[in-house]
Amino acid sequence: MAVSNPVDTNIRLVFSAGVNEEGKPLYKGRTYGNIKINADNDQIFRAAQAIASLSANPLFAIERVDRSEISE
């Protein structure tokens, strides 16, 4: 049976960056690594909000990106 082993965790912050010439929203993303694999979602959310508070652009979304290795 295959087993999944966590390898790393990153967070991606997506910021609103205005609108284009057609009036559609523009977004910019920034990825941060070296996140503890066992960090819970509340911890990641609070850290992401603290980082986002340093940006001039408003925060649109917070994404957690987990990567795992699958082996037998």
Residue pair Val65 / Thr31, side-chain heavy-atom distance below 4.5 Å: no
Given the rule in the side-chain contact (heavy atoms from CB on, under 4.5 Å) test, do Ile70 and Val3 qualify, once you have shown the distances and angles that lead to the verdict? CA-CA 6 Å; Ile70 299 174; Val3 178; over 6 Å; no
Nearest-0.5 Å distance, CG of residue Asn57 to CG of residue Leu26: 10.5 Å
Under 3.5 Å: donor-acceptor pair, side chain of Gln49, backbone of Arg46: no
Nearest non-hydrogen partners of Asn10 and Gly33, listed with the distance: OD1-CA, 3.0 Å
Are more than 12 heavy atoms, taken from residues, nucleotides or ligands other than Arg12, located less than 6.0 Å from that residue's CZ atom? yes
With sequence neighbours left out, the residues meeting side chain to side chain contact (heavy atoms under 4.5 Å, CB included) with Arg64 are Thr9, Asn41, Ile44, Asp66
Nearest heavy-atom approach of Ser68 to Pro6 is OG-CA, 3.8 Å
Results of side chain to side chain contact (heavy atoms under 4.5 Å, CB included) for Asn38 - residues two or more places apart only: Lys36
Name all pairs fulfilling the ring-ring contact (aromatic ring centres under 6.0 Å, His included) condition that reach into residues 4-26, sequence neighbours left out, sorted by first residue then second. none
Pairwise ring-ring contact (aromatic ring centres under 6.0 Å, His included) hits with a residue in residues 18-58, at least two apart: Tyr27-Phe60
Heavy-atom pair with the smallest gap, counting every atom of Leu13 and Ala52: CD1-N, 4.2 Å
Test salt bridge (Lys or Arg N to Asp or Glu O under 4.0 Å) applied to Glu22 - qualifying residues, sequence neighbours left out: Lys24
Is there a chain of hydrophobic side chains (I, L, V, M, F, W, Y, each step under 4.5 Å between heavy atoms) that links Val14 to Ile11? no
Please check: side-chain N/O of Ser53 versus main-chain N/O of Ala50, any donor-acceptor pairing under 3.5 Å? yes
Taking side chain to side chain contact (heavy atoms under 4.5 Å, CB included) as the test, write out the residues that go with Ser71, two or more places apart. Asn5
